[in-house]
There are 2 protein chains.
Amino acid sequence: MSQVAQALIGDSEFDRDTAVALRAPGVPGVYDTELSAGWTIISAVNGGYLLALLGRALGDALPHPDPFTISGHYLSPSTPGPAVIRTEIIRTGRTLSTGQASLFQYADDGTEVERIRVLATYGDLGALPDDVRTSVRPPAIPAYEHCLGPNDGPAPIPGDSSLLERLEIRLDPATVGWAVGAPSGKGEMRGWFGLADGRDADALSLLLTVDAMPPTAFELGLKGWTPTVELTTHIRCRPAPGPLRVSITTRNLAGGFLEEDAEVWDSADRLVAQSRQLAKVPLGHG
Amino acid sequence: MSQVAQALIGDSEFDRDTAVALRAPGVPGVYDTELSAGWTIISAVNGGYLLALLGRALGDALPHPDPFTISGHYLSPSTPGPAVIRTEIIRTGRTLSTGQASLFQYADDGTEVERIRVLATYGDLGALPDDVRTSVRPPAIPAYEHCLGPNDGPAPIPGDSSLLERLEIRLDPATVGWAVGAPSGKGEMRGWFGLADGRDADALSLLLTVDAMPPTAFELGLKGWTPTVELTTHIRCRPAPGPLRVSITTRNLAGGFLEEDAEVWDSADRLVAQSRQLAKVPLGHG
């Protein structure tokens, strides 16, 4: 990574832009926030960033700190600007607690419009035992210096969006054919992921990571955006410092929908997050 | 299959046992139901059966008939007996609508105890275009007559539970080592699935199918049950008549949790459902 001064967890762009503030001491579970224009791709607010905002609010509302599994259903497109998050504690237990959260923005007449609703079960990643019986191996991604960033290669990666300035993504050359008009035809996208200011990953930033790579649809030869219908993420382990490896796979594009499965690996070769989303196939496909 | 008279969709055990009744004409979205003892495994009500109950209520409450994606968070163990399902319509659109549903049972003093809460986005499977660009192939499962049922093999498959009488499951011999004390060590469970009365599959019964096989943990050498924390299912296609093939995979057992990924294929070789659950590793593992 090229950063000189590395931002710290709790004092970084990502932390400032996912901050939530209790509306009033007497109103538990209601958080005001501001959707930053810094996490938009074209004009859409990134869906993983929205999950991280909701995840932070739930982490405050629930007795456990970390999202173990969070399921979000996307209702209407978000825009930069003010928003309110309303949380509900559904159940609290010794090791797990479950909550619900909705993010609303405001129509011109001031009425609240719901953007995304999530159910999530939280726990404490730091309290998990060390047993690991993983059969899956980290994805085979070339070394960081052999992967391609937005300014590498014969054509710049399209999508001249704020989000890309805040991320350090280096794609496996085997999955960037789409950027030069030669998609592989395989529903795969792989690469290295970091935050541009050098902030290390934590459970909250992983909620962003799973939805921050270019869509696999690009490598299937499809253009345009693939709107997320639903995205569920499991955080399986507290990530070690250092860059992450992300592998996204689409195996079934059918009936106008596709799934995107993401795996995120940390520098210690631990599988730290798994996610799956159902998304709509871009309208202008073919 | 061995049935003489085949039960029809809408007139079968599964349909009767997932029936829901509007509590009152003036109370939209509230459904009374009865959890049947016929879908228990040991003493626990099957989690897929619960999803099907909630799915049926939401299919009635929402303007679209079929669950495209349904995410359930499990809160407390259900027991056979009366229950109430409370639904909420979150958003209705032209092609998709999103709702929420909770299933409650009654404590001794009559107060409602929430068992499971779901978010779901519905559409119309019959309205989807025919495009299929699937790279994944059906699982390699031996022919039905070469797979093993509860009464085959050197030892009966344990779990002498009502659920097993209502299902026609035939497991791939490669994934039944656990039944004779020789688990493969791989997190895989594969086999044929049907309902015992011969009722064909539909979107609702697929919600049961994804959670009806023996847990992959058995093949990992673990004993006891793996309680579901969260289960999300995507229904991708209306299933063709005939038996289904189900493949369940666990790739990452770590920190006391594991995921189970299920794929369900129909007789026309279409991937009809994908699901993933996060579950707790059985306590008595080793």
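If you're wondering where the values come from, they're calculated on a predicted model, not measured in any experiment. Per chain, numbering begins at 1; letters A, B, ... match sequence-line order. Because only heavy atoms are used, hydrogens play no part in the values below, and waters and symmetry mates are left out as well, while side chains stay in.
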Heavy atom to heavy atom, less than 4.5 Å: which residues from residues 229-238 of chain B reach chain A?
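From residues 229-238 of chain B, the residues near chain A are B/V229, B/E230, B/T232, B/H234, B/R236.
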When [options] are compared by non-hydrogen pairs under 4.5 Å with chain B, the top option:
{"options": "A/Q274, A/R251, A/R270", "value": "A/R251"}
{"options": "A/L119, A/L125, A/T250, A/V132", "value": "A/L119"}
{"options": "A/G187, A/A120, A/S76", "value": "A/A120"}

Is any side-chain N of the basic residue among A/R245 and A/D269 closer than 4.0 Å to the acidic one's carboxylate O?
yes
Which class fits the ring pair A/F218 and A/W225: parallel under 30°, tilted 30 to 60°, perpendicular over 60°?
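Rings of A/F218 and A/W225: tilted, 30 to 60°.
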With a 4.5 angstrom heavy-atom cut-off, is it the side chain or the backbone of [X] that approaches chain A, or both, or neither?
{"X": "B/L220", "answer": "both"}
{"X": "B/K280", "answer": "side chain"}
{"X": "B/T92", "answer": "neither"}
{"X": "B/E263", "answer": "side chain"}

Looking at chain A, which one of [options] has the largest number of heavy-atom pairs inside 4.5 Å, strictly under?
{"options": "B/N252, B/L128, B/L258", "value": "B/N252"}
{"options": "B/G256, B/A254, B/G255, B/S102", "value": "B/G255"}
{"options": "B/A127, B/G185, B/S135", "value": "B/S135"}

side-chain contact (heavy atoms from CB on, under 4.5 Å) against A/E88, all qualifying residues, sequence neighbours excluded
A/I90, A/Q100, B/R117
Please name all residues satisfying side chain to side chain donor-acceptor pair (under 3.5 Å) with A/T98, sequence neighbours left out, ordered by chain then number.
A/T121
Mind checking side chain to side chain donor-acceptor pair (under 3.5 Å) for A/R91 and listing every partner two or more places apart, or none if nothing turns up?
none
Does the gap between the ring centers of B/F68 and A/F257 come in under 6.0 Å?
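Yes - the distance between ring centres of B/F68 and A/F257 falls below the 6.0 Å cut-off.
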Main-chain N/O of A/V136 paired to A/T134 side chain as donor or acceptor, under 3.5 Å:
no
I'd like to know if the side chain of A/E259 and the backbone of A/R276 have a donor-acceptor N/O pair within less than 3.5 Å.
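Answer holds: no.
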Identify which part of A/T95 has an atom lying under 4.5 Å from any heavy atom of chain B, answering side chain, backbone, both or neither.
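Contact with chain B is through the side chain of A/T95 alone.
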As an exercise, state the distance from CG of A/D172 to CE of A/M213, rounded to the nearest 0.5 Å.
9.0 Å
Going by distance alone, is a donor N or O of one side chain under 3.5 Å from an acceptor N or O of the other, for B/D261 and B/T249?
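Judged by distance alone, the side chains do not pair up.
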Just by distance, with hydrogens left out, do B/D60 and B/Y31 show a side-chain donor and acceptor under 3.5 Å apart?
yes
